[in-house]
Trainee: 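Structure below; questions to follow.
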Amino acid sequence: MDSTIPEVAYDYSPFIRIYKDGHVERLRGTDIVPSGLDPKTNVLSKDAVYSPELNLSSRLYRPHNTNPDKKLPVLVYYHGGGFCMENPFNFQYHDHLNNLVAVSNVIAISVDYRLAPEHPLPIAYDDSWTALKWVASHVNGDGPEEWLNSHSDFGQVFLAGDSAGANLAHQLALRYGQEKLSGIDLTGVILVHPYFWGKEPIGTEGENLESKSRIDVIWNFACPTSSGLDDPLINPLVDPRLDSLGCDRLLVIIGGKDFLRERGRHYYERLSKGGWEGVVEIMEGKDDEHVFHLHDPTCANAVALLKRIASFINEDRA
């Protein structure tokens, strides 16, 4: 064997490969597209550093023709990718946020966070909280980013994410429920195909144990210090803090052909019947696969998904 060719330790193709020398090769989601005006949606974007110490940025979005005196709901968005892939600056997420902002009429902050395995969990949770605190630093109109100073209605703040990003949004809502952030009202949380899991299969998960075992591995890979698959970070159904979610409303979106759908449905049912005082809603796309809307954003179901999110955000403004 040629000793110059590095040996693969873990191969999660077509997503990521980990080599025995520690090198990480991400096979998708690494592209970066520039910010600016999107002519298709008339949404304007720019990048802003939220943590100079860690050199972490976010991409901000707003409708281009926003009235200077008009305040918009604030949407803080966390991308998916199993905690180990993707970024908010790639074409897929940039396109998604342009579409989401255009339909919802919000100012959005799409957050970059450090990825496993180089930066194992809980680092992504901490980075995501740091970003939310940075957003909150603008509540008095004297923060570092003028878009947020001028256009943000901090009485209407929403957290959202897909897959692992939905997991992040859930955890931040829990943390906000315990710690709060002065000056912002966490009105709602939107979880799209959330990455929740558990040790024992539930519902149809037991029909495909091979798929379950692959998802088991991802969590252990992303969070090697975890207590296991019933860690409250990945299994909210065993989390005694679940009823302390700090938002008023929550929307869970699941896909009928998504292997994670049972977890999303059980999460919805638990919140509906538990001690949480908020209002939870659910949307299920019968034929939708995991994060299908990112890959096929113009299909009818993807358009319907965006409209449901926009309706949820603007419910109090109707």
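Being a predicted model, the structure only gives us computed values, none of them experimental.
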Trainee: Checking Asp38 side chain against Val43 main chain: does a donor-acceptor pair fall under 3.5 Å?
Mentor: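 No; zero donor-acceptor contacts below 3.5 Å.
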
Trainee: Enter the distance from Lys257:NZ to Lys286:NZ here, rounded to the nearest 0.5 Å.
Mentor: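 Nearest 0.5 Å value for the NZ-NZ distance: 9.0 Å.
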
Trainee: Going by atom types only, do His290 and Ser163 share a side-chain donor-acceptor pair under 3.5 Å?
Mentor: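 Yes, Ser163 and His290 have a side-chain donor paired with an acceptor closer than 3.5 Å.
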
Trainee: Are the charged groups of Arg114 and Glu118 less than 4.0 angstrom apart, N to O?
Mentor: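 No salt bridge links Arg114 with Glu118.
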
Trainee: So, Ser213 side chain and Glu210 main chain: donor-acceptor pair closer than 3.5 Å or not?
Mentor: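 Judged by distance alone, yes, a pair lies under 3.5 Å.
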
Trainee: For Leu245, does its backbone N or O pair with a side-chain atom of Trp276 as donor and acceptor, under 3.5 Å?
Mentor: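 Flag set: sc Trp276 to bb Leu245 pair under 3.5 Å.
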
Trainee: Checking Asp230 side chain against Lys199 main chain: does a donor-acceptor pair fall under 3.5 Å?
Mentor: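 Looks like yes, one N/O pair under 3.5 Å.
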
Trainee: Just do the ring pair (Phe, Tyr, Trp, His ring centres under 6.0 Å) check on Tyr61 and His94 with the steps written out, would you?
Mentor: CA-CA 9 Å; Tyr61 297 81; His94 182 65; 5.6 Å; yes

Trainee: So that I can tick it off, tell me whether Lys20 and Glu7 are bridged by a salt bridge, with the cut-off set at under 4.0 angstrom between side-chain N and carboxylate O.
Mentor: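 Yes, Glu7 and Lys20 are salt-bridged.
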
Trainee: Quick one: are the ring centres of Phe196 and His170 less than 6.0 Å apart?
Mentor: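 Distance test on ring centres: under 6.0 Å, yes.
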
Trainee: Ignoring hydrogens and angles, state whether a donor on the side chain of Thr204 or Glu262 is under 3.5 Å from an acceptor on the partner side chain.
Mentor: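 A donor-acceptor contact under 3.5 Å links the two side chains.
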
Trainee: Answer yes or no: are there more than 12 heavy-atom neighbours, outside Asp21 itself, under 6.0 Å from its atom CG?
Mentor: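 Buried by this count: over 12 neighbours within 6.0 Å.
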
Trainee: Starting at CZ of Arg265, measure out to CD1 of Ile282 and round the result to the nearest 0.5 Å.
Mentor: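 Reported to 0.5 Å precision, the distance equals 6.0 Å.
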
Trainee: State plainly whether one hydrophobic cluster holds both Tyr125 and Leu186, where clusters connect Ile, Leu, Val, Met, Phe, Trp and Tyr through side-chain heavy atoms under 4.5 angstrom apart.
Mentor: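 Yes, because Tyr125 and Leu186 connect within a single hydrophobic cluster, where side-chain heavy atoms sit under 4.5 Å apart.
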
Trainee: Donor-acceptor pair, distance only, cut-off 3.5 Å: does the side chain of Asp112 make one with the backbone of Pro88?
Mentor: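 Between the backbone of Pro88 and the side chain of Asp112 there is no qualifying donor-acceptor contact (under 3.5 Å).
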
Trainee: Have Trp134 and Ser51 got a donor and an acceptor in their side chains that come within less than 3.5 Å?
Mentor: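 Per modelled atom types, Trp134 and Ser51 side chains form no pair under 3.5 Å.
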
Trainee: Out of curiosity, Leu237 CG to Tyr267 OH, how far, rounded to the nearest 0.5 Å?
Mentor: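 So the CG of Leu237 and the OH of Tyr267 are separated by 9.5 Å.
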
Trainee: Which value, rounded to the nearest 0.5 Å, describes the distance between Leu100 atom CG and Asn105 atom CG?
Mentor: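 So the gap between those two atoms works out to 11.5 Å.
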
Trainee: Give a yes or no on whether a salt bridge exists between Asp288 and Arg261, defined as a side-chain N under 4.0 angstrom from a carboxylate O.
Mentor: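 Not counted as a salt bridge, because no side-chain N and carboxylate O are separated by less than 4.0 Å.
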
Trainee: Are Ile254 and Ile215 connected in the hydrophobic side-chain network, where two residues link if heavy atoms are under 4.5 Å apart?
Mentor: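 Yes: a chain of side-chain contacts under 4.5 Å links Ile254 to Ile215.
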
Trainee: Within this structure, what is the CH2-CD distance for the pair Trp129 and Gln171, rounded to the nearest 0.5 Å?
Mentor: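 One finds 11.5 Å between CH2 of Trp129 and CD of Gln171.
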
Trainee: Check the side chains of His151 and Glu146 for a donor-acceptor pair under 3.5 angstrom, ignoring hydrogens and angles.
Mentor: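 Result is no, nothing qualifies.
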
Trainee: Let me confirm one number: the NZ-CZ distance from Lys71 to Phe154, rounded to the nearest 0.5 Å.
Mentor: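 Lys71 atom NZ to Phe154 atom CZ measures 7.5 Å (nearest 0.5 Å).
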
Trainee: Are there more than 12 heavy atoms of other residues, nucleotides or ligands under 6.0 Å from atom CD of Glu179?
Mentor: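 More than 12 within 6.0 Å, yes.
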
Trainee: With hydrophobic residues grouped by side-chain heavy-atom distances under 4.5 Å, do Ile18 and Leu121 end up in a single group?
Mentor: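 Cluster IDs for Ile18 and Leu121 differ.
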
Trainee: Stepwise, does the ring pair (Phe, Tyr, Trp, His ring centres under 6.0 Å) test hold for Phe221 with Phe83?
Mentor: CA-CA 10 Å; Phe221 168 73; Phe83 303 105; over 10 Å; no

Trainee: Please say whether more than 12 non-hydrogen atoms of neighbouring residues, nucleotides or ligands are located less than 6.0 Å from NZ in Lys40.
Mentor: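 It does: Lys40 NZ has more than 12 such atoms within range.
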
Trainee: Report yes or no: do Asp162 and Tyr78 form a side-chain donor-acceptor pair below 3.5 Å?
Mentor: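 Absent: no donor and acceptor within the cut-off.
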
Trainee: For atom NZ of Lys307, is the number of surrounding heavy atoms from other residues, nucleotides or ligands below 6.0 Å larger than 12?
Mentor: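 No, NZ of Lys307 has 12 or fewer neighbouring heavy atoms, counting only those of other groups under 6.0 Å.
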
Trainee: May I have the step-by-step check of side-chain hydrogen bond (donor to acceptor under 3.5 Å, both in side chains) for Tyr93 and Glu86, ending in yes or no?
Mentor: CA-CA 9 Å; Tyr93 279 104; Glu86 304 287 355; 5.5 Å; no

